[in-house]
Peer 1: 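Dropping a structure here in structure tokens format, bear with me for questions.
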Amino acid sequence: MSDFHSLLSVFRDATAPPPSLQRSAAVPPSVSANNGRGSDNGSVAPESQQTEPSSQEVELTSTTDPAYSAPVMKERIERLLRIHQIRKSTATSANGNAAGTSSDGNTESKDTSNREANIAICATIVDAFPHESLWRKWIDDTGGHIEMVEYGETVQIKASAELYVHAKNPERVGSEWLRSKTLPTTHRPNWNDVRIIRAMLSLLDAALHNEQTTHVLFCTESCIPIVTLKEAVRSILLDEACLWEENGGETSNNNTKEEKGASDGFNWDRSYVDFYDRNSPRCSRFDEHNCWGNLRESIPAEAINKALPGWCFLSRKHAQNILNLPSQLGDMNLWPAFKRVWAPEEVYFPTALSICGNLDEVVRRSVTYSQWDERAANLQDRAHPLAYDGCIDDDLVRRVRQDGCLFLRKMKQSLDVNVWKDIIVNRKRGKLTKSESTEVARVSDRESSRGRGRLEDWSRDDRRRDRDNDGRNRRRDYDNGRDYESSRYRDGGQHWNRKRDRDDRSSYDRSNQWKRHR
């Protein structure tokens, strides 16, 4: 009988008004937001009787939330997933009557009155921002109005952007302009820290306070744009790669895009996240242990996803749903569940989109180009993306754009704005010095050694297939003990590289040999 009442309660919540009009859809009427403890009569306990602190009362630099409970969180997420499943089923069966309404109850607006695409650049930094002048030029000089075709009509869309910065040490930010863009509070996140999620959520909240914000890009101080702001907006609205042609100008390859826009229209609610689940060939044994394994007590396995790279691009609709997720989970924060997860920001946002029921609306590609050296001998080189300092030229930009990316990571050193303008805005071929050419050849040789060759010689499907093959090889090497087991061990953030293991084994062998010959 209890199962019947539970199913009836889920169905009642699924057929109720949209979640924005309810207090919480994941908490049954007999359960309050007070960590699953309700009053005797089944009503929600008043605020005066709730003793647990809310999300606003959690300390800014804390990595835990006293109100968090893993079993309760998992139960509420499972309930919320069932509600989304019922809503999608009913929306599919009543497709004719529910035109213009999404599966989660939100109305998909086709109003063409919104003619400004404003991208919120949400950057998490320590205290330095080496590409400040480049981003200022990108925001101030490469935007403006774009003429595009939608439903057979020519419309003008204004491309604009705004910068939001979360600094670990805001008191050390030297630039006056950068201080004006920096949040007044800080979570003091460390590398591979759950407080990075809190910093990104704070940036998301600040960006959505601006009513003009339509999209959100997460980045770091080492990211740079490799397209103009107009090109970025066009590529986002039409889901098209922005190819690079020498002296092509901004309208060199936009005729076909305008034709597509005339037939399909613009999707303002499209997000870009290159995610994968546990059944994907990209999921390694390391991911299963350090991501899925550490979340199994608080989140169902089918809802866990990982994005690589984790710096995703979100629409306003999806970003708002992520911020509203605690209210759907009984006023309980989701981020404490990721405290022991490796690279928690790479797992949090695609998992949150899955819990919100929006993952099927996301384009599975990244707009930020980032590569890792899978064959590096030590952990430090494997854990951090490849740096392209001194490698910026027209060939690199062409290859990255062909992959559908609009931004590049990572560039640790400051880049000459004039060089960037010549290649990105004026579309001129860049010239490299001898040392820089050697670095470019090293990166190209690494790609060729993996069977890829030049990036423009193989399509996006070939790249995806090659990436899946790399995932299968990593999983096979892990099972055979040739990769992670032999080169490094990871336990709670502690790492031992191959050299230390080899030294320990050699010292142990010498000790035993001395005992045997004694």
Side-chain angles (χ1 to χ4, degrees), residues 81 84 102-104 106 117 119-124 196-197 199-201 203-204 207-208 213-220 223 225 227 232-233 235-242 267-283 287 291-292 295 299 301-325 334-335 338 341-372 385 400 403-409 460 463-464 467-468 471:
L81 292 176
H84 290 319
S102 62
S103 59
D104 59 356
N106 297 329
I119 303 177
I121 310 299
C122 296
T124 57
I196 297 179
I197 298 178
M200 297 171 71
L201 291 176
L203 287 170
L204 204 61
L208 295 188
T213 300
T214 59
H215 299 85
V216 177
L217 170 71
F218 288 115
C219 66
T220 64
C223 295
V227 296
V233 170
S235 176
I236 291 163
L237 295 180
L238 297 180
D239 188 20
E240 286 284 340
C242 185
N267 189 346
W268 294 84
D269 296 331
R270 183 186 289 122
S271 297
Y272 296 87
V273 183
D274 190 10
F275 65 93
Y276 58 91
D277 57 14
R278 189 174 186 177
N279 299 322
S280 172
R282 300 174 59 188
C283 179
D287 291 335
C291 299
W292 276 262
L295 292 173
I299 302 176
E302 63 272 15
I304 303 174
N305 291 268
K306 182 176 180 177
L308 201 64
W311 307 100
C312 50
F313 188 93
L314 302 175
S315 65
R316 184 182 183 93
K317 169 189 172 183
H318 296 159
Q320 189 65 60
N321 290 343
I322 292 177
L323 288 181
N324 295 339
L325 189 56
L334 180 63
W335 58 262
F338 296 79
V341 174
W342 178 267
E345 73 281 358
E346 297 177 353
V347 187
Y348 179 86
F349 288 95
T351 301
L353 289 173
S354 177
I355 297 174
C356 294
N358 299 133
L359 205 57
D360 55 349
E361 304 173 2
V362 176
V363 179
R364 297 183 64 173
R365 74 175 176 92
S366 176
V367 298
T368 301
Y369 185 85
S370 187
Q371 294 291 326
W372 285 260
V400 173
D403 204 25
C405 297
L406 310 175
F407 305 90
L408 175 66
R409 185 175 185 263
R460 184 182 299 179
R463 292 193 293 273
R464 186 172 298 158
R467 181 184 59 191
D468 293 342

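Along the sequence shown, residues are numbered consecutively beginning with 1. Bear in mind that the values here come from a model prediction, so they are computed numbers and not experimental data.
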Peer 1: CG/N305 to SG/C283 distance, rounded to the nearest 0.5 angstrom?
Peer 2: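 Here the rounded value is 10.0 Å.
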Peer 1: Testing the basics here: between Y276 and R364, what is the closest heavy-atom pair and its distance to 0.1 Å?
Peer 2: CA-NH2, 3.8 Å
Peer 1: Would you compute the distance between atom CZ of R365 and atom CG of D274 and round it to the nearest 0.5 angstrom?
Peer 2: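 If we round to the nearest 0.5 Å, R365:CZ and D274:CG are 10.0 Å apart.
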Peer 1: Is any side-chain heavy atom of I196 closer than 4.5 Å to a side-chain heavy atom of P344?
Peer 2: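 A side-chain contact under 4.5 Å is absent here.
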Peer 1: Taking all non-hydrogen atoms of both residues, which atom of A301 and which atom of R278 are closest, and how far apart?
Peer 2: CB-NH1, 4.1 Å
Peer 1: Check step by step if side chain to side chain contact (heavy atoms under 4.5 Å, CB included) holds for L217 and T368.
Peer 2: CA-CA 9 Å; L217 170 71; T368 301; 4.0 Å; yes
Peer 1: Let me confirm one number: the CG-CG distance from L359 to D277, rounded to the nearest 0.5 Å.
Peer 2: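 Answer for the CG-CG pair, L359 versus D277, is 9.0 Å.
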Peer 1: Locate the shortest heavy-atom distance separating R409 from C223; write the atom from each residue and the value.
Peer 2: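 Minimum heavy-atom contact is CD-SG, 3.4 Å.
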Peer 1: Looking only at heavy atoms, which two atoms of P225 and F407 are closest? And how far apart?
Peer 2: CA-CD2, 3.6 Å
Peer 1: Against F275, only a single residue in P350, S354, S366 fulfils side chain to side chain contact (heavy atoms under 4.5 Å, CB included); can you say which?
Peer 2: P350
Peer 1: Nearest 0.5 angstrom please: N267 CG to L237 CG, how far?
Peer 2: 8.5 Å
Peer 1: Measuring from L408:CG to L406:CG, what's the distance to the nearest 0.5 Å?
Peer 2: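 Atom-to-atom, L408:CG and L406:CG are 11.5 Å apart.
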Peer 1: Mind checking side chain to side chain contact (heavy atoms under 4.5 Å, CB included) for T351 and listing every partner two or more places apart, or none if nothing turns up?
Peer 2: I299, I304, F338, V347, I355
Peer 1: Has Y348 got a side-chain atom pairing as donor or acceptor with L334's backbone, closer than 3.5 angstrom?
Peer 2: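 Checked: no pair found.
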Peer 1: What pairs with T124 under side-chain hydrogen bond (donor to acceptor under 3.5 Å, both in side chains), at least two apart in sequence or on another chain?
Peer 2: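 Applying side-chain hydrogen bond (donor to acceptor under 3.5 Å, both in side chains) to T124 gives none.
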Peer 1: When rounded to the nearest 0.5 angstrom, what distance separates CG in L325 from SG in C356?
Peer 2: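 Spacing of CG (L325) from SG (C356) equals 4.5 Å.
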Peer 1: Only pairs under 3.5 Å count here: list side-chain donor-acceptor contacts from residues 306-316, not counting sequence neighbours, and write none if there are none.
Peer 2:
unit_1: K306; atom_1: NZ; unit_2: D287; atom_2: OD1; d: 2.8
unit_1: S315; atom_1: OG; unit_2: D269; atom_2: O; d: 3.2
unit_1: S315; atom_1: OG; unit_2: S271; atom_2: OG; d: 3.3
unit_1: S315; atom_1: OG; unit_2: H318; atom_2: N; d: 3.4
unit_1: S315; atom_1: OG; unit_2: H318; atom_2: ND1; d: 3.4
unit_1: R316; atom_1: NH1; unit_2: N210; atom_2: O; d: 3.1
unit_1: R316; atom_1: NH1; unit_2: T213; atom_2: O; d: 2.8
unit_1: R316; atom_1: NH2; unit_2: L208; atom_2: O; d: 2.9

